[in-house]
Amino acid sequence: MEFGGTTGHAAMRPEIALSWKRSALSGLEPTSTPSDDPCPDLDKSSRLLQAARPVLDEMEQQIQGTGFCVLLADRDCRIVARLFDGRKLERLIDGAGAVLGSRFGEDCVGTTALGTPLEVRRGVVIHGEEHYLERFKDLSCYGHPIVHPVTRRVEGILDMTGVASRANPLFAPFLARAAGDIERRLLEGSRVSQQRLVDAFQRVSPQNQMAVTAIGEDILLSNRVALDLLQVSDHATLRGLAADLRPEQSKTVRIRLSSGEPALVRADHVAGTDGGAVFVVRPDRRTSTPIRRGKSPSSSVVERSRSELSRLRETRDPVVISGEPGTGRTTAVRDLAGDRSLVCMDAATIALDGAEAWIDRLLALVAGPSAVLAIEEVQLLPESMLPLVVKMLAADAGPRIVMTSSPLGDLPPGVAGLAGRCPGQVVLPPLRQRTREFADIAQAVLDSVEPGLRLSASALDALIARDWPGNIAELSVVLQAAARGRTSAHLAVADLPDQYRTPPRVSRLAGRERAERQAIVDALQESGGNKVHAAAALGISRSTLYVRMRALDITV
């Protein structure tokens, strides 16, 4: 790479041409003026700034007399530190909008040595005319990403900027060495974080009658009791608990272990460990029925569904089983029927068989010997058939009627009235709301595919992070595909289909963040990847969209 000379369109380097294309797709024009929205609340104690501060102090002496400045941006491409060789250059950079807290991603300011290295994950020279916006074409700069040595995530960008006539190609290796120094200090900071988790674990672990485990971003510690008691799926459950902890928070919850044994878990957040926590797990062998307090809504819905199914097995009342497609409605019907004879009619086949033929078959089954008649997908029944089904529900003779439907809130008025006539109503929660029992569900599905096969902890984390619009049915398809192509005795992340290899950061998102992430992904898909249109659909600014995409590990 060279600094010299003016670059025209005909001679534009490929990486610059691609950057210009990304800038244009973000809705920018060369004459655009960046929005003036610096972040007022920069975290001056962030791990990046702590690692960079000694390096920046040394660079401040080294850039004297060069006519250059040094800018440091975080992983959201917000400028968090600046160094200058003279007040004149500082006024020039201020005029360009590169102030503390301002965002310099490609979506905001186009091609620069801050935003472009973040996109391509390597050092980039941007000289004069190669900048996308006209306001930067008098500047030359070199940017280098700061990559965490352990997580391999870009933590920030280090940049040197000056007037085009002062550019020097020797600044590139100089900046690369400085970025490397910050990376090494980040690694040392990770070791400090790990040591804090180890210290917290050791303060509890000597109590050898309790299962104690500590879980951090890239570390897991367990005492001997925990090794005997906890399985891989239990660790995934504990990671989910850690993601919901606030800083310095402690809480106690009741869970069911993979072994089927109930347990009480005390979870303690460990400060300075990037979401690390220490867990004390005690088997809960109480025989009395506990008072339910502080349970998650999804957990209570699951328990109510199971309890209601168990109760309804002993009655003849009509039943409606509602839930999203793939939540196990048909399985619940079979469970409800038990060992009694069961026949099924699917309203989805009306379009193929014709209404008259479908009704004839339905009436024949009602008059037949079966003990249970299931009508599936009742939301697809035409209005003209509803009175007939109402009469069947009210009849004293004939088979017991069990219906399945989409969620009750989504039913047309007539079908909702039909469902309201059923004394028994079972609601099956979607898979995305069953995080705490996800490991058990996944293992049960996997056992039906290939008995003895197990999921690795990282693969389980990746799967839990998904939104699962197809619910258990979708999970079954994914695990079947992974089992066919597996490379070892355990299913690893690499065995999963590409779109299910969720970044580890996402797997630790709390419920609200996960919902936000899915809303952004949906908006981007509906807009064909156009971030301008996606931001408009979400009702947020384009710069806010990019900030949240970075924070939630969304790539397009």
Side-chain angles (χ1 to χ4, degrees), residues 1 15 19 39 42-63 66 68-84 93 98-109 111-126 140-162 169-194 217-218 272-275 503-505 546-547 549-555:
M1 297 182 184
E15 59 266 36
S19 176
C39 175
L42 294 177
D43 183 5
K44 297 182 179 180
S45 63
S46 70
R47 188 168 60 180
L48 174 65
L49 272 175
Q50 288 180 350
R53 192 165 287 116
V55 179
L56 293 177
D57 289 344
E58 185 176 354
M59 293 181 74
E60 188 168 20
Q61 303 300 319
Q62 294 170 333
I63 65 172
T66 64
F68 266 68
C69 71
V70 173
L71 305 176
L72 175 68
D74 61 17
R75 69 168 70 110
D76 293 326
C77 224
R78 286 202 180 271
I79 297 175
V80 295
R82 306 189 307 167
L83 308 174
F84 294 98
I93 297 302
V99 298
L100 285 176
S102 60
R103 247 184 57 81
F104 258 61
E106 280 191 345
D107 61 305
C108 296
V109 297
T111 306
T112 69
L114 286 172
T116 302
L118 187 63
E119 294 289 340
V120 300
R121 291 180 61 93
R122 59 180 175 81
V124 177
V125 173
I126 309 291
S140 282
C141 45
Y142 177 82
H144 199 286
I146 299 167
V147 180
H148 195 288
V150 175
T151 65
R152 305 309 301 167
R153 181 174 62 185
V154 175
E155 296 289 344
I157 303 293
L158 195 60
D159 164 275
M160 287 190 69
T161 296
L170 294 179
F171 289 143
F174 166 72
L175 202 63
R177 284 194 298 272
D181 290 341
I182 297 175
E183 291 172 352
R184 283 188 288 275
R185 293 183 61 83
L186 280 172
L187 180 59
E188 294 171 2
S190 292
R191 290 169 179 157
V192 171
S193 172
Q194 290 182 357
E217 186 172 15
D218 52 7
T273 59
D274 291 330
R505 157 79 175 112
Y546 270 83
V547 169
M549 286 176 65
R550 299 283 185 204
L552 300 173
D553 275 352
I554 300 173
T555 57

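- Between E183 and I146 the shortest side-chain heavy-atom distance falls below 4.5 Å.
- No donor-acceptor distance shorter than 3.5 angstrom exists from the side chain of R103 to the backbone of C77, with no hydrogens or angles considered.
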Original post:
For L186 and V147, what are the C-alpha separation, side-chain angles and deciding distance, and is it a side chain to side chain contact (heavy atoms under 4.5 Å, CB included)?
Top reply: CA-CA 9 Å; L186 280 172; V147 180; over 6 Å; no
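- Across all their heavy atoms, A98 and L71 have their closest contact at CB-CD1, 4.3 Å.
- A distance of 14.0 Å separates CG in L187 from CD1 in I182, rounded to the nearest 0.5 Å.
- Put simply, the side chain of I79 does not reach to within 4.5 Å of the side chain of D159, judged on heavy atoms.
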Original post:
Are L158 and M59 close enough, and set up right, to give a side chain to side chain contact (heavy atoms under 4.5 Å, CB included), and what steps lead you there?
Top reply: CA-CA 11 Å; L158 195 60; M59 293 181 74; 4.1 Å; yes
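- One distance of note links CG of L48 with NE2 of H148; it measures 10.5 Å at 0.5 Å rounding.
- The two residues P117 and L114 come nearest to each other via the heavy atoms CD-O, 3.5 Å.
- Residues M160 and I63 form a side-chain contact, since some pair of their non-hydrogen atoms from C-beta on lies under 4.5 Å apart.
- Residues meeting the salt bridge (charged side-chain N to carboxylate O under 4.0 Å, His left out) test with R184, sequence neighbours left out: D181.
- A search for salt bridge (charged side-chain N to carboxylate O under 4.0 Å, His left out) contacts involving D74 returns nothing, not counting sequence neighbours.
- Taking both residues in full, the closest heavy atoms of G101 and R78 are given as O-NH1, 2.5 Å, listed atom of the first, atom of the second, then distance.
- Closest approach of S140 to F68, counting heavy atoms only: O-CE2, 3.9 Å.
- The side chain to side chain donor-acceptor pair (under 3.5 Å) check on S19 picks up E106, T111, T116, with sequence neighbours excluded.
- When side chains are defined from C-beta on, T112 does not count as touching I126, because their heavy atoms never get closer than 4.5 Å.
- Summarising the geometry of Y142 relative to G123, their closest heavy-atom pair is OH-CA, 3.6 Å, with the distance given to 0.1 Å.
- What you find for R185 and Q50 is that their closest heavy atoms are NH2-O, 4.0 Å.
- When the options I93, T161, V70 are evaluated for a side chain to side chain contact (heavy atoms under 4.5 Å, CB included) with R82, the one that passes is I93.
- Side-chain contact check for R122 versus E15: some heavy-atom pair is nearer than 4.5 Å.
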